[in-house]
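Take a look at this one; I'll ask things after.
Since the structure is predicted, the reported quantities are computational estimates derived from the model, not experimental observations.
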Amino acid sequence: MAQHAAPARGMSLSPTSAGVVIPVITGVLYGFWAANIQRFGHGVTGGNVALGFVTGIIVAALCLGIHQWSKQQAGRHIGLRAATWAAFAGIAVGFLHSLANSAIIWSIVLGLIVAASTFVATYYRYYTATEPV
């Protein structure tokens, strides 16, 4: 009676489709978040929609590009790969925070904190991976 169900066919994401779906979802969420921050509680305008589309497309494209480049560098350039993801994350968070009309220095500091944390996490992930990632 210790049986388990096998995964259904066609229900799991292949690495290729996950490598495309995740950046697209990230871009959509980022664009929505940026547009929502920029509204300042007022109605939706064409500028908000444009900002959401442009930032979403840029984030999705960069995320996909960095992911593809990082896969090509599997097992090599651990520090460079981690620094690339760190810069991407730090700039993305700093930009979102700057949309809220806060002090620019705090946006920079927050971006640097996120970048440093991302660098440590991704470097550790790449360094301790049993197979090249």
Side-chain angles (χ1 to χ4, degrees):
M1 292 232 209
Q3 298 175 1
H4 66 288
R9 288 187 158 197
M11 295 302 292
S12 65
L13 289 174
S14 69
T16 305
S17 62
V20 173
V21 170
I22 292 174
V24 168
I25 290 173
T26 302
V28 167
L29 292 176
Y30 189 90
F32 178 73
W33 195 354
N36 195 27
I37 289 173
Q38 189 64 29
R39 288 187 326 127
F40 300 117
H42 301 294
V44 177
T45 64
N48 297 128
V49 174
L51 176 73
F53 275 119
V54 170
T55 57
I57 290 170
I58 290 172
V59 165
L62 285 174
C63 189
L64 182 64
I66 293 170
H67 177 70
Q68 294 299 322
W69 173 78
S70 186
K71 275 188 0 183
Q72 291 174 352
Q73 303 299 321
R76 305 182 307 231
H77 310 295
I78 295 170
L80 183 61
R81 291 165 64 197
T84 304
W85 281 114
F88 173 71
I91 292 168
V93 169
F95 175 72
L96 277 182
H97 196 269
S98 72
L99 289 177
N101 282 342
S102 62
I104 192 68
I105 192 72
W106 178 237
S107 297
I108 293 169
V109 169
L110 184 62
L112 288 173
I113 291 170
V114 169
S117 302
T118 303
F119 179 82
V120 169
T122 54
Y123 189 88
Y124 177 78
R125 165 72 172 104
Y126 291 144
Y127 188 77
T128 59
T130 56
E131 60 184 54
V133 285

Working note: R76 + Y126, criterion side-chain contact (heavy atoms from CB on, under 4.5 Å); need CA distance, chi angles, decisive distance, verdict. CA-CA 9 Å; R76 305 182 307 231; Y126 291 144; over 6 Å; no
Reported CG-to-CG distance for the pair L99 and N36, which is rounded to 0.5 angstrom: 11.0 Å
Point-to-point distance, once rounded to the nearest 0.5 Å, from CD1 of I37 to CZ of F32: 10.5 Å
Report the relative orientation of the aromatic rings in H97 and W106; use parallel for angles under 30°, tilted for 30 to 60°, perpendicular for over 60°. perpendicular
Keeping the roles fixed (side chain from S70, backbone from H67), state whether a donor-acceptor pair exists under 3.5 Å. no
Any L96 side-chain heavy atom under 4.5 Å of Y30 side chain: yes
Applying side-chain contact (heavy atoms from CB on, under 4.5 Å) to W69 and L80, what does each step give before you reach the verdict? CA-CA 11 Å; W69 173 78; L80 183 61; 3.8 Å; yes
Can you name the residues that form a side chain to side chain contact (heavy atoms under 4.5 Å, CB included) with S117, not counting sequence neighbours? I113
With rounding to the nearest 0.5 Å, note down the distance linking CG in L64 to CD1 in I22. 11.0 Å
ILVMFWY cluster, F95 and V54 together (side-chain gap under 4.5 Å): yes
Check this for me: F88, atom CZ, are more than 12 non-hydrogen atoms of other residues, nucleotides or ligands nearer than 6.0 Å? yes
Which value, rounded to the nearest 0.5 Å, describes the distance between Y124 atom OH and I78 atom CD1? 13.0 Å
Decide whether W33 and L51 are clustered together by the hydrophobic rule: side chain heavy atoms of Ile, Leu, Val, Met, Phe, Trp, Tyr closer than 4.5 Å, transitively. yes
Between the CG atom in L62 and the CD1 atom in I57, the distance rounded to the nearest 0.5 Å is 12.0 Å
Taking the six-membered ring for Trp, are Y127 and Y123 parallel (under 30°), tilted (30 to 60°) or perpendicular (over 60°)? parallel
Least distance between heavy atoms, S98 atom then I104 atom: CB-CD1, 4.4 Å
